[in-house]
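In what follows, chains are A, B, ... by sequence order, proteins preceding strands, each numbered from 1.
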Amino acid sequence: MRIFKDKPKGQIQMFETIAVLLVFFFIMSFALGFYFFISKAGAAREQARIQQAQAIESAQRLTTLPELDCVKGGVTIERCVDELKIDALTRMLENEDANDYYFNTFGYTKLDIRRVYPGSKTYEIYERQSPNDRGSTFTQIPILVFNPINESYSFGVVEVRHYD
Amino acid sequence: MNKINSRGQVETQFNWIFILIAGGIILMAAFTFVMRQRSAAEMEMAATLARQIDEITTSAGIARGTAQVIDLPRIETYLICTEECSCSIEIDPAASKGFEDKIIFGPEEIDGDMLIWAQEWNAPFRVANFIYITSPANRYIIVREKGNALGEYIEEKLPSSMNVIFTESHEDVKHQGEEYTRIIFVDMETGCDEIDESFKSEAVDCVTLRADGDYTFWEKAASRSLVFEENAVHGVGKAALFGAIFSEDDTMFKCNMYTAVRRLSYVAKIYSDKMKVLEKANNEGYTEEEGYPICPISYNNILGTDIEAALDELSETADDAFGNMNKFVQLEAIMTQIETANEELIYESCPEVY
């Protein structure tokens with residue numbers, strides 16, 4: 001009888017050990033899953049931050065491009081674009097080779113310059129959409145638009161839509 | 001009695017074996033997880049650094065003239081340009097960023113902190129910003145004669161945070177334990193093979209700069225010798241002079257100059273289109289009453305130069321100069337023509353080219 005009592009004790013102990021291990025692995029899996037979830041959220045936030053920074057960078061680059069900047073008497077005027085250069089650049093970018101070349105500078109973006117006052121006009125300079133449709137980030141930067149013919153300044157806005 | 005003892009012994013032993021196996025599996029799983037996370041963290045850090053360096057070089061390119069020292073962890077950054085002009089910044093083989101449209105001169109390897117400086121490249125109007133990168137630990141020795149105009153210009157312009165000394169004689173120059181030395185001879189006939197013996201087993205190379213834009217890169221032919229290979233290049237513009245000072249070798253210099261002239265071909269085209277419109281507006285005769293300026297001279301003939309044609313020629317020559325340094329001298333001649341015409345336009349209070 002004592003012999004038969006010992007067998008169930010040993011089996012119960014074995015099951016206890018296995019149960020402890022199962023619970024342990026379950027807790028480990030839960031902890032890992034939670035860790036990866038937090039990491040993913042952090043990575044998504046970082047990606048959003050990078051995309052915003054890239055959009056602002058594109059807008060800032062546009063206002064300092066030699067292809068668009070205003071120069072008067074040999075001096076570059078900050079935050080100013082030359083209206084005649086805008087027309088010239090827009091025409092040049094209709095050429096496929098030039099458009100491919102400037103892809104290195106502009107990337108997947110839509111670049112517009114809008115003259116706001118006096119008068120109103122929108123120049124659609126460049127656009128190349130991303131093959132991945134993951135939304136976009138929009139940035140605006142105020143600038144001056146200079147007309148070298150009558151040497152007048154207008155208020156304008158650089159609009160950059162950076163495709164993700 | 002004996003049967004009960006042996007059962008207990010088997011059970012105890014089996015328990016311990018089971019514990020060892022399970023413990024071993026758990027430890028292995030934890031170890032694998034930690035190693036993978038470490039590798040992922042290193043790759044993430046390298047990618048983050050590569051991106052930050054890219055952002056810094058972009059902003060340095062926008063804020064020309066500034067010099068800044070960037071504190072970085074002790075990690076190696078590589079600037080690599082192949083013969084096919086594929087140039088990139090590498091921190092880790094997986095974290096590599098191409099130069100793309102940026103023009104960056106620097107040594108092949110930078111350990112830790114970085115000094116970044118930018119200058120406008122004018123040809124003759126602003127075309128691009130040249131970015132120069134080096135380590136504050138790298139030593140630059142500039143050998144020039146007192147009163148040499150080019151030497152004085154370099155001395156005036158180089159950032160003060162650079163580890164640079166100016167001397168009149170290369171004979172005084174000895175190795176002082178720095179990791180890397182570059183010796184620059186300005187308008188001198190001296191060659192790199194005449195430097196002191198203390199540099200024999202050290203990382204050193206030289207550049208000879210001449211006022212006419214001819215530069216020579218001297219690279220060690222063997223690691224423990226003072227025998228050098230010479231490679232001649234030609235630079236256009238003052239910013240190219242500093243490019244030669246900072247550039248790792250003639251390949252990087254040429255690749256960057258080709259990128260620059262390619263950009264010049266497009267910028268010159270834009271200026272040419274602008275002049276076409278200005279010329280038309282001038283010919284149609286806007287009057288003072290309407291507030292439009294009068295230009296008393298014709299854009300077709302500014303001191304004998306048709307400015308639009310000159311800009312078109314500049315654009316075409318720059319396009320031809322891509323991959324062909326022999327065309328650079330031609331570029332300089334057209335640039336001088338445009339510069340003179342532009343000065344005349346400013347003098348006459350006309351809408352100028354730039």
Side-chain angles (χ1 to χ4, degrees), chain A residues 2-3 6-7 9-11 13-14 17-18 20-21 24-25 28 32 35 39 43 46 50 53-54 57-58 60-61 63-76 82-93 95 97-98 101-107 147-152, chain B residues 3-4 7-8 10-11 14-15 18-19 22 25-26 29-30 33 44 48 51 55 58-59 61-64 98-102 120-122 125-129 262-267 269-278 280-282 286 290-293 342-343 346 351-354:
Chain A
R2 276 165 70 189
I3 293 167
D6 285 339
K7 272 192 184 168
K9 249 192 215 162
Q11 284 173 340
Q13 271 194 328
M14 180 68 72
T17 309
I18 291 170
V20 164
L21 282 171
F24 173 73
F25 281 121
M28 280 281 288
L32 275 172
Y35 170 75
S39 295
E46 179 67 10
I50 289 168
Q54 281 176 341
E57 186 190 301
S58 292
Q60 283 183 332
R61 285 181 89 174
T63 59
T64 58
L65 276 183
E67 289 86 338
L68 290 173
D69 65 359
C70 305
V71 184
K72 189 91 182 79
V75 176
T76 305
D82 185 314
E83 205 160 357
L84 297 187
K85 285 186 179 180
I86 296 173
D87 283 330
L89 179 62
T90 309
R91 276 194 298 275
M92 192 171 76
L93 288 175
N95 174 278
D97 286 342
Y101 174 79
Y102 278 95
F103 174 72
N104 282 327
T105 308
F106 299 138
N147 186 318
I149 295 176
N150 56 21
E151 293 192 332
S152 65
Chain B
K3 279 187 187 172
I4 292 167
R7 250 197 227 119
V10 166
E11 189 185 319
F14 182 73
N15 266 346
F18 186 74
I19 286 165
I25 292 171
I26 291 167
F33 177 75
E44 191 190 332
T48 303
R51 200 188 64 249
E55 286 170 6
T58 301
S59 63
I62 292 169
R64 52 205 175 269
F99 284 8
E100 289 161 359
D101 62 336
K102 292 201 199 75
E120 279 182 17
W121 184 60
N122 297 316
F125 35 78
R126 187 170 78 92
V127 177
N129 293 327
R262 187 139 188 235
R263 184 78 180 268
L264 171 61
S265 72
Y266 288 106
V267 177
K269 188 83 186 63
I270 286 173
Y271 275 105
S272 169
D273 276 1
K274 176 183 168 182
M275 296 323 295
K276 195 182 297 186
V277 176
L278 280 176
K280 184 169 179 277
N282 198 33
Y286 289 115
E290 289 175 298
Y292 297 149
N342 193 63
E343 280 167 6
I346 294 173
E352 64 268 35
V353 180
Y354 65 95

Q.
Can you confirm whether Glu44(B) is buried at CD, in the sense that more than 12 heavy atoms of other residues, nucleotides or ligands lie under 6.0 Å from that atom?
A. no

What's the shortest heavy-atom distance between [X] and [Y], and which atoms?
X: Val127(B); Y: Pro66(A); result: O-CG, 3.1 Å
X: Asp69(A); Y: Arg126(B); result: OD2-NH2, 3.3 Å
X: Lys85(A); Y: Ile270(B); result: CG-CG2, 4.0 Å

(Q) Between Ile50(A), Leu65(A), Leu32(A), who has the most heavy-atom pairs with chain B when the cutoff is under 4.5 Å? (A) Ile50(A)

Q.
Once you measure the plane-to-plane angle for Tyr266(B) and Tyr101(A), does it fall in the parallel (<30°), tilted (30-60°) or perpendicular (>60°) bin?
A. parallel

Which region of [X], side chain (C-beta onward) or backbone (N, CA, C, O), has a non-hydrogen atom less than 4.5 Å from a non-hydrogen atom of chain A, or is it both or neither?
X: Ile26(B); result: side chain
X: Phe125(B); result: neither
X: Ile346(B); result: side chain
X: Ala29(B); result: neither

So which part of [X] gets closer than 4.5 Å to some heavy atom of chain B, the side chain, the backbone, both or neither?
X: Tyr35(A); result: side chain
X: Leu89(A); result: both
X: Glu83(A); result: neither
X: Leu68(A); result: neither

Q. Can you tell me how far CD of Glu67(A) sits from OH of Tyr271(B), rounded to the nearest 0.5 angstrom?
A. 8.5 Å

**Q.** Test log, rule side-chain contact (heavy atoms from CB on, under 4.5 Å), inputs Leu278(B) and Leu84(A)
**A.** CA-CA 9 Å; Leu278(B) 280 176; Leu84(A) 297 187; 3.9 Å; yes

Q) Looking at Arg263(B), Lys274(B), Lys276(B), which one has more heavy-atom pairs under 4.5 Å with chain A than the rest? A) Arg263(B)

Q: Check step by step if side-chain contact (heavy atoms from CB on, under 4.5 Å) holds for Glu55(B) and Gln54(A).
A: CA-CA 9 Å; Glu55(B) 286 170 6; Gln54(A) 281 176 341; 6.0 Å; no

**Q.** Worked check of side-chain contact (heavy atoms from CB on, under 4.5 Å) between Asp273(B) and Met92(A)
**A.** CA-CA 9 Å; Asp273(B) 276 1; Met92(A) 192 171 76; 5.7 Å; no

Q | Step-by-step side-chain contact (heavy atoms from CB on, under 4.5 Å) determination, Asp101(B) to Arg61(A) | A | CA-CA 12 Å; Asp101(B) 62 336; Arg61(A) 285 181 89 174; 2.9 Å; yes

